[in-house]
Protein chains: 2
Amino acid sequence: MHRVTIAEVAERAGVSTATVSRALSGGRPVSAEVTRRVRKAAAELGYAVNPIARALRNSRTDTVGMVVPSISNPFFTSLVESVEHALGRDGKELFLCDAQSDPVVEAKRLASLVSRNVDGIIVSPTHGTESASAVLETARRLPLVQLDRFVGGTSTDWVGVDDLAAMRLVLDHLHAAGARSVAFVGSLLTNSSTEQRLAGFRRRSAELDLKVGPDSVLLGDYSVEWGEAAAGKLIDAGEPPDAVVCADDLIALGVTRGCRARGVSVPGQLQVTGFDNIEFARLSDPALTTVDQPRERIAAEAVRLLAAAGKADAGEKQASAHIALVPELVVRQSTKPVG
Amino acid sequence: MHRVTIAEVAERAGVSTATVSRALSGGRPVSAEVTRRVRKAAAELGYAVNPIARALRNSRTDTVGMVVPSISNPFFTSLVESVEHALGRDGKELFLCDAQSDPVVEAKRLASLVSRNVDGIIVSPTHGTESASAVLETARRLPLVQLDRFVGGTSTDWVGVDDLAAMRLVLDHLHAAGARSVAFVGSLLTNSSTEQRLAGFRRRSAELDLKVGPDSVLLGDYSVEWGEAAAGKLIDAGEPPDAVVCADDLIALGVTRGCRARGVSVPGQLQVTGFDNIEFARLSDPALTTVDQPRERIAAEAVRLLAAAGKADAGEKQASAHIALVPELVVRQSTKPVG
DNA sequence: GTGAAAGCGCTAACAT
DNA sequence: ATGTTAGCGCTTTCAC
């Protein structure tokens with residue numbers, strides 16, 4: 001139950017601890033013969049570096065921290081998987097934290113990651129304004145990339161999807177599928193995703209001359225329950241729209257349920273679209289037409305930015321990058337087929 | 001961009017570094033006056049302990065590692081949430097790792113957690129046999145609790161659900177709901193969950209004199225796709241059973257879809273049950289009758305065992321505990337109402 | 001109750 | 001190419 005240290009390897013190989021360090025991890029030249037002896041000794045003893053000692057010495061941990069708003073939201077877990085893929089290629093590990101949709105918890109997690117000397121942080125902020133101070137403060141101390149969502153003063157790197165382009169795809173499709181009046185169901189405007197998507201929705205629906213009734217923009221939260229409630233409001237108010245555009249798939253699944261509960265057929269009487277393309281979007285009935293986020297690409301860009309920031313770190317802050325990737329529309333059965 | 005150290009706090013408070021350490025974290029007595037001065041100095045400087053230095057010194061990290069088979073399985077993410085709750089109460093943090101359903105990745109993650117000196121590990125092994133060596137090896141070095149699933153030689157602590165009791169609940173319900181022939185759809189017998197559940201299924205169906213056809217036990221993996229395929233096999237073979245018992249909710253959702261695709265009504269012609277009670281079990285149509293796992297309780301027990309093992313660690317290994325909690329049946333619309 | 005000093009395991013200067 | 005040594009920031013004897 002005793003941990004093998006570098007000193008024991010050194011003794012066994014008949015060299016100094018410095019040489020062991022260099023032979024195993026160092027960039028510095030060590031003779032082939034010695035390297036071989038050291039490797040052998042290390043293997044025999046079952047030596048593994050102590051990352052804690054190394055981190056204390058190097059102030060580098062080869063670990064990236066990630067904070068997501070909610071680990072139970074399938075979109076974020078799929079994003080986590082993609083980030084792990086991308087980091088794996090660089091030999092880095094991921095320290096994942098759940099903010100539990102609470103900016104206070106989020107701030108704690110960020111502080112904890114900083115104090116643990118992670119090499120960089122990937123965060124999708126829970127709240128558009130309340131998360132701002134913690135995120136910006138963290139960004140002053142460490143390389144930080146915002147993913148998907150972002151907070152107010154966008155002075156940090158960000159990677160996400162082009163929400164405006166996404167809404168163009170969605171509305172163009174609905175227009176082609178015969179919709180003439182549309183509604184939008186999102187979360188309260190406390191995060192950038194809904195904000196951007198709503199802006200895109202308004203702009204494109206105006207351009208296409210799609211009617212948006214006065215009570216046709218409903219904001220709640222990212223949940224099935226809210227989608228269900230929103231569908232109720234739209235239908236019970238009379239004159240429901242031809243189509244409902246949702247800010248994420250969970251909401252869209254709820255809207256679909258709400259419609260069914262009230263005997264409104266989807267897509268027959270009312271078309272529904274989602275956003276994110278989570279697995280259940282494909283599995284629900286009717287399968288959801290939605291916007292597919294290029295997760296792997298998003299994750300890869302984020303990891304790249306983080307690595308770049310880590311290197312440039314010495315040479316003071318460089319200009320921050322905002323990378324908006326263009327998403328794809330996945331057409332399924334919750335919207336009408338287009339000629 | 002400079003990190004405040006204990007030395008600076010000491011200087012400002014006019015005391016030694018040892019005193020600062022004792023005043024802030026130590027159990028040792030420090031005069032009230034000095035404590036106050038130290039606290040003040042620390043606050044003014046914005047001091048926060050460096051967990052890495054502390055860990056190197058103490059070989060304790062106040063961090064627990066957790067490894068789950070798949071972070072995209074909603075059951076495991078909900079379990080993670082519960083574990084976080086339980087740990088939060090002890091002021092510990094969670095280092096979460098995804099094994100990507102691969103024993104090789106799992107072994108790497110376990111090794112990494114060990115080398116990072118986490119105080120203990122909670123793991124739900126991906127594989128009943130292939131995970132065994134890594135899990136047992138890890139358990140020799142650190143307090144370790146298996147959650148939900150477990151590997152072969154159960155010489156470590158384990159917390160989960162009483163699968164046999166669960167199957168009794170399920171089959172008793174189906175029997176009361178009029179089913180006379182039943183089938184079972186699970187994953188290959190490479191993990192304890194399916195194994196136990198299948199054993200419980202066989203025993204109770206025999207006791208109740210429920211018919212289990214020769215081709216009525218289908219094993220694949222924990223996925224919607226497999227459930228769908230399995231439903232196809234059962235139906236296409238002719239003489240489908242009255243009810244299909246599934247080893248988890250994802251499979252059950254798939255079976256339901258498969259039935260619908262073939263025009264078999266659920267629960268009219270065929271009843272379906274799941275296991276876990278993930279969120280989508282409630283949301284699917286028809287809503288799924290399933291076994292609810294007492295996640296919070298499972299998590300709390302796991303954390304308690306880990307803490308106990310941590311303390312007892314000095315006094316050599318104590319007997320390991322196997323805690324099987326009794327689950328509840330949640331009756332919804334995928335089974336027929338009972339008188 | 002408080003201070004001085006050693007040392008956790010590692011790596012980067014600085015020798016040689 | 002290799003060895004010697006200092007020190008990352010903290011806690012904990014051991015003195016007083």
Side-chain angles (χ1 to χ4, degrees), chain A residues 1-39 41-42 45-63 111-112 114-119 141 314, chain B residues 1-39 41-42 45-63 111-112 114-119 141 314:
Chain A
M1 196 74 178
H2 153 77
R3 277 198 61 149
V4 182
T5 73
I6 208 170
E8 298 167 55
V9 178
E11 187 176 356
R12 181 165 191 120
V15 295
S16 75
T17 60
T19 300
V20 174
S21 173
R22 291 192 274 251
L24 294 180
S25 45
R28 291 289 254 278
V30 176
S31 77
E33 159 61 9
V34 171
T35 303
R36 209 190 45 71
R37 281 217 317 272
V38 169
R39 286 247 169 77
L45 266 41
Y47 170 79
V49 307
N50 181 336
I52 297 186
R54 175 180 278 178
L56 181 59
R57 176 65 227 229
N58 288 347
S59 33
R60 229 173 25 78
T61 51
D62 290 324
T63 301
S112 156
V114 170
S115 78
R116 276 159 194 281
N117 271 11
V118 294
D119 299 344
R141 303 175 166 280
Chain B
M1 197 75 177
H2 153 77
R3 276 199 62 152
V4 182
T5 73
I6 208 170
E8 296 167 56
V9 178
E11 186 177 358
R12 180 160 190 129
V15 295
S16 74
T17 60
T19 300
V20 173
S21 173
R22 290 194 272 250
L24 293 180
S25 45
R28 290 293 250 280
V30 177
S31 78
E33 159 60 9
V34 170
T35 303
R36 209 189 47 70
R37 280 215 320 270
V38 170
R39 287 246 168 75
L45 266 43
Y47 170 77
V49 311
N50 181 335
I52 296 187
R54 174 180 279 176
L56 180 59
R57 177 62 227 232
N58 288 346
S59 36
R60 229 174 24 78
T61 51
D62 290 325
T63 300
S112 157
V114 170
S115 77
R116 274 160 195 280
N117 271 11
V118 293
D119 299 344
R141 304 174 165 280

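We name chains A, B, ... by the order of the sequence lines, and we start the count at 1 in each one. All of these numbers come straight from a predicted model, not from anything done at the bench.
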### Query
Do B:Asn117 and A:Arg3 have side-chain heavy atoms sitting under 4.5 Å apart?
yes

### Query
Where each residue is assigned the nucleotide of DNA chain C containing its nearest heavy atom, which of B:Leu56 and B:Ala18 is assigned the position nearer the 5′ end?
B:Ala18

### Query
Which comes earlier along DNA chain C counting from the 5' end, the contact point of A:Val4 or that of A:Arg22, where each point is its nearest nucleotide?
A:Val4

### Query
Taking the side chain of B:Asn50 as its heavy atoms from C-beta onward, which of D:dT2, D:dG9, D:dT13 lies nearest to it?
D:dG9

### Task
For residues B:Asn50 and B:Arg54, determine if any side-chain heavy atom of one lies less than 4.5 Å from a side-chain heavy atom of the other.
no

### Query
If you look at every strand shown and take non-hydrogen atoms under 4.0 Å, does A:Ser59 touch a base, only sugar-phosphate, or nothing?
nothing

#### Entry: Phosphate OP1/OP2 of D:dG3: any A:Thr17 side-chain N/O under 4.0 Å
no

### Query
How many Å lie between CD1 on A:Ile6 and C1' on D:dT4, as a whole number?
14 Å

### Query
How about B:Glu11: does its CD atom have over 12 heavy atoms from other parts shown lying under 6.0 Å from it?
no

### Under 3.5 Å side-chain donor-acceptor pair for B:Thr63 and A:Arg116
yes

### Query
Given side chains that start at C-beta, do those of A:Val15 and A:Arg22 come closer than 4.5 Å, heavy atoms only?
no

### Message
Taking only side-chain N and O atoms of A:Thr19, does any of them lie within less than 4.0 angstrom of OP1 or OP2 on D:dT2?
### Response
no

### Summary
With a 4.0 Å cut-off (strictly under) to non-hydrogen atoms of chain B, the first and last hit nts on DNA chain C, 5' to 3', are C:dG1 to C:dG9

### Summary
Taken to the nearest whole Å, CZ/A:Arg116 to P/D:dG9 is 17 Å

### Task
Measure the distance from CD1 on B:Ile52 to P on D:dC10 and round it to the nearest whole Å.
11 Å

## Note on the structure
Taken to the nearest whole Å, CZ/A:Arg54 to C1'/D:dG7 is 17 Å

### Summary
On a heavy-atom basis, the closest approach of B:Thr19 and B:Val30 is CG2-CG1, 4.2 Å

### Task
Ignoring the backbone of A:Arg57, work out which of D:dG3, D:dC8, D:dC10 is nearest its side chain.
D:dC8

### Pair B:Arg37 + B:Glu33, salt bridge at N-O below 4.0 Å
yes

